[in-house]
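The structure appears below as structure tokens.
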Amino acid sequence: MKNQLLKIGFLFLLTITLGCQKSENQKSATAQATSEIDRTILPIHHPATEPITEMDARNVEKPDIFHVEAPEGAPNIVIVMIDDIGFGATSTFGGSIQTPTFDRLASNGLKFNQFHTTALCSPTRASLLSGRNHHNMNVGSVMEVATGFQGNQGIRPDNAKYVAETLRQNGYSTAAFGKWHETATWEVSVSGPFFRWPTNSGFDKFYGFIGGETNQWDPVIFDGVTKVHKKDDPDYHFTTDMTNEAIEWIKFQKAMTPDKPFMVYYAPGAVHAPHHAPKEWIEKYNGKFDAGWQKLREETFARQKEMGIIPQNTKLAPMPSDIKDWESLSANEKKLFALQIETFAGFMEHTDNEVGRMVDAIEEVGVLDNTLFIYIMGDNGSSAEGGLEGTFNELVHLNGIFDEETIESMLEHADDWGGPNSFPHMSAAWAVATDAPFKWTKQMAADFGGTRNAMVMHWPAGISAKGEIRSQFHHVNDVAPTILEATQLPAPKMINGVEQIPMDGVSMLYAAKDAAAEDRHKVQYFEMFGNRAIYHDGWLARVVHMVPWVGKPRNAFQDEVWELYNVEEDFSLTNNLAADNPAKVKEMQDLFEKEAIANNVYPLDDRLYERFNAAIAGRPDLMGDRKSLTLANGMDGILENTFLNVKNTSKTIVANVNLAGNDRGIILCQGGKFGGWALYMNNGKPGYTYNYFGLQRYTIEASKVIRNPNAEIKLEFTYDGGGTGKGGMAKLFVDGELVGEGRVEKTQPAVFSADETADVGKDDATQVADLVFQDVDDSEFTGFVKNVTITIPESD
């Protein structure tokens, strides 16, 4: 790594020296040529040339070669999108989590205290990168629960291309690092199509994970569209890895093309669960939250007023009634809950430190002042998806199961919390506390706790104000128009032959340049899982339809009562004015209806766990109606949504293998150490393990070693039926002979893993049969899988 960076540094200096030799006449000619081109139609057409009639090249003056350059002086662009963190979490916006990089950029830039997101991951990112409302991007929710209805299908349209594509076709180098979560689930296999992967969405370079979350210690990483292994580093952490990749790319890009601006989209998995952080960062917060969540909210609220982050007349919204009073908790509850927030805080500060390393690298190559740096602290509010008690394995709650863990069982893992043997999420109470001064959390599109996020804009060369606050109402769909104004580029009318729909957002630069400027973002709807709201010119009307930790609607859609708030006078939405203003409520309801229809919001869909099943949700499924799948040795890295759905059903696995003798390793597996199943061999004996969330492991092994050089190994699992997540009987056969059987008492009903895969011949990330295999190398099959077929019954 050190030698590589030295080489890049030398090349950078050499290229700058050579670049300085470019004549002023050449620069002027290029500037004139690029200023005359039509940038509204992409790709930009080369100008017509006159035919040459002279035969001999020696008698003809060479014409200038046309190439596209960015407008003169166009800034570099860096967008940082942190995951799952609320308005009141960080020191920059009054919170208790130290974020010195966020502080640094804010002190030399601007803080926006009325910036909004969509309340969930994929929709916010689609809106951010496109400049459109999320339903217009066909991304009404996260990709894993897309439906069959327009607005929610998860298929991003060709007529709303990402702003990165505009920059790329206008002379920018572009790169994305970290989380993507913008590709339909049935498009993430080796078969593609790759149209909606990052490198076909405007980015020259992508290094990160394709889904919604990842294990920071053992991620599933793609470089472009190719799955790659994590680096061999005993101290490996994905946020550090992706930052190293970003820094190397920035330095290399500037070395090769110092005059060419870049765009970096830096989107770490942090601080989405699993909350994974190096122990030393977690330990920095030992004891810092022992006073509890109410005290944290009160202290944050006081600092926010003192710093001017919120108006002086703001009230601290009441906590939801489900949240227990800290003083009523037992000693064990306090101990567990404090550990949860310490881990979350350490994860965030560690991430901010990594952002700081990237900032330092940009400054080192001399371009920080002319880099428009937009640092968004959260794609939604802090997450309450850990439930009221939190969880050691958040996949338990993603499956809609809330009774498998206890305070005591989680405390047994206290030493592992945040480390490689954990997959944790904090209590919903901490989510509410770090969303201060608001009441609700992620998923709650009806409340600013779900949609208002801290944002800092830093661009010394383009914005003269320093250390100030901007309070104009803005939305994440305003980022793309801001980029276009800063780069002096028009919104394209057509890209790659497809006419583009207008952007829904507005540029924020007017507000950056004038604190007193009148708001230009006048209307904005919000909707997620039936939670919905409409903002118009200082007013907000809303319906709180469903709470994340409850998971079911409060009322039917037609029975709900709308609330009304004057946002200009009520920053935290504590004074419901609906009873005194029925006419205004009706006006706002009608406006929501208009916006909902115009933006493909309807029909509303409040199903949660059911939508993980493609057949129920109505979205395409790569497997379609298939009941069997045949694979062979070397076919691995199959993400869950592109594999046969064997949950809540019987299944049969038949593997034909060549054996070397006393064999060991995976034949076929799906998932990882926090949930999944594996058919394998151990010291010559076939075995099957069903790993139930890492909480219980059901293992059946053959009673004798296979002596033949070839064998047919079969696993039959007969599901009990009677609902989801039930158990069943597993039987192992070798060449038709029953060699072992046993019960699997429970199975996972909806999700096996976040981004772990199905693999033939090895377990490619964490180990499903983790009591048998230590790591990927240990799990490699010493024999050879000629073919393996997994089948579910026709009746299921």
Side-chain angles (χ1 to χ4, degrees), residues 83-84 117-127 133-156 179-188 196 209-214 272-273 379-380 383-387 394-402 425 441-445 450 526-532 545-553 557 600-623 639-643 645 647-648 675 724-725 748-756:
D83 206 336
D84 278 16
T117 56
T118 71
L120 210 59
C121 307
S122 301
T124 287
R125 292 156 198 272
S127 186
N133 289 325
H134 60 297
H135 289 90
N136 274 342
M137 295 303 296
N138 211 0
V139 187
S141 187
V142 290
M143 295 297 176
E144 293 82 357
V145 295
T147 72
F149 295 104
Q150 181 68 25
N152 259 297
Q153 293 168 337
I155 308 169
R156 293 186 285 108
K179 174 174 173 173
W180 184 241
H181 210 194
E182 294 298 301
T183 302
T185 55
W186 59 93
E187 296 182 348
V188 294
R196 281 171 279 271
F209 57 99
I210 204 71
E213 64 181 53
T214 196
H272 194 293
D379 53 358
N380 40 245
S383 172
E385 292 163 351
E394 62 125 359
L395 296 169
V396 176
H397 289 193
L398 282 182
N399 278 269
I401 300 170
F402 298 93
H425 196 304
T441 64
K442 175 184 178 181
Q443 294 190 17
M444 302 299 287
F526 301 89
E527 191 279 331
M528 197 64 59
F529 300 128
N531 290 311
R532 57 204 188 275
H545 179 71
M546 184 161 52
V547 178
W549 56 84
V550 176
K552 59 183 180 181
F557 292 128
N600 302 307
V601 177
Y602 287 161
L604 303 180
D605 193 339
D606 56 13
R607 296 172 298 170
L608 292 177
Y609 308 110
E610 306 99 304
R611 282 168 59 176
F612 280 111
N613 186 320
I616 294 174
R619 66 178 171 274
D621 181 355
L622 186 65
M623 293 291 102
L639 291 168
E640 184 168 340
N641 286 291
T642 59
F643 193 74
N645 185 1
K647 293 178 283 288
N648 310 307
T724 60
Q748 298 184 201
V751 181
F752 282 126
S753 64
D755 64 350
E756 297 254 17

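This chain uses plain numbering: 1 for the first residue, then up along the sequence. Values below: every heavy atom of this structure, side chains too, minus hydrogens, waters and symmetry copies.
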Does atom CZ of Phe209 have more than 12 heavy-atom neighbours from other groups under 6.0 Å away?
yes
What closest approach, in Å, do Thr183 and Met143 show between heavy atoms, and which atom pair accounts for it?
O-CG, 3.5 Å
Gap separating the CG atom of Asp379 from the OG atom of Ser127, nearest 0.5 angstrom
11.5 Å
From Leu604 CG over to Phe149 CZ, what is the distance, rounded to the nearest 0.5 angstrom?
11.0 Å
Identify, with sequence neighbours excluded, every residue that meets ring pair (Phe, Tyr, Trp, His ring centres under 6.0 Å) alongside His135.
Tyr525
Name all residues meeting the salt bridge (Lys or Arg N to Asp or Glu O under 4.0 Å) criterion together with Asp83; count only those two or more places apart in sequence or in a different chain, and write none if there are none.
Arg125, Lys179
side-chain contact (heavy atoms from CB on, under 4.5 Å) assessment of Glu144 paired with Arg619
CA-CA 10 Å; Glu144 293 82 357; Arg619 66 178 171 274; 5.6 Å; no
Across all chains, not counting sequence neighbours, the side-chain hydrogen bond (donor to acceptor under 3.5 Å, both in side chains) partners of Glu640 are Lys647
Excluding sequence neighbours, so at least two apart, what forms ring pair (Phe, Tyr, Trp, His ring centres under 6.0 Å) with Phe612?
none
Closest non-hydrogen atom pair between Val751 and Leu395, with its separation
CG1-CD2, 4.5 Å
Tell me whether Glu187 is salt-bridged to Arg196, with the criterion being a basic N under 4.0 Å from an acidic carboxylate O.
yes
Can you tell me how far the CD1 atom of Ile401 sits from the CD atom of Gln748, to the nearest 0.5 Å?
7.0 Å
With Thr124 via side-chain hydrogen bond (donor to acceptor under 3.5 Å, both in side chains) - residues at least two apart
Thr118
Hits for salt bridge (Lys or Arg N to Asp or Glu O under 4.0 Å) against Arg156, two or more places apart or cross-chain, chain-then-number order -> none
Output yes when a side-chain donor or acceptor of Glu527 lies under 3.5 Å from a complementary backbone atom of Ala445, and no otherwise.
no
Roughly how far apart are Asn133 CG and Asn600 CG, rounded to 0.5 Å?
10.5 Å
Inter- and intrachain pairs under salt bridge (Lys or Arg N to Asp or Glu O under 4.0 Å), touching residues 604-618, at least two apart
Asp605-Arg607, Asp605-Arg611
Go through the structure and list residues passing side-chain contact (heavy atoms from CB on, under 4.5 Å) with Leu622, not counting sequence neighbours.
Trp186, Ser189, Thr642
Could I get the full list of side-chain hydrogen bond (donor to acceptor under 3.5 Å, both in side chains) partners for Ser122, not counting sequence neighbours?
His181
Note: Ala146 and Ala617 closest approach over all heavy atoms is O-CB, 3.3 Å
Any chance the side chains of Asn380 and Asp84 put a donor and an acceptor closer than 3.5 Å?
yes
Enter the distance from Leu398:CG to Phe752:CZ here, rounded to the nearest 0.5 Å.
14.0 Å
How would you list, by chain and number, every residue that makes a ring pair (Phe, Tyr, Trp, His ring centres under 6.0 Å) with Phe402, sequence neighbours excluded?
His397
Is the distance from the ring center of Phe529 to that of His545 below 6.0 Å?
no
Who pairs with Glu213 by salt bridge (Lys or Arg N to Asp or Glu O under 4.0 Å), at least two apart in sequence or on another chain?
none
What heavy-atom pair brings Pro620 and Ala614 nearest, and what distance separates the two atoms?
O-CB, 4.2 Å
Where is the tightest heavy-atom contact between Lys442 and Ala119, given as atom of each residue plus distance?
CG-O, 3.6 Å
Indicate yes or no: at least one non-hydrogen side-chain atom of His134 is less than 4.5 angstrom from one of Leu120.
no
Looking at Trp549 and Ala384, what are the two nearest heavy atoms and their distance?
CE3-CB, 3.6 Å
Indicate whether the side chain of Ser383 and that of His425 have a donor and an acceptor atom separated by less than 3.5 Å.
yes
Close side-chain approach of Asn641 to Phe643, heavy-atom, < 4.5 Å:
no
With sequence neighbours left out, what residues match Thr214 under side-chain hydrogen bond (donor to acceptor under 3.5 Å, both in side chains)?
Asp755
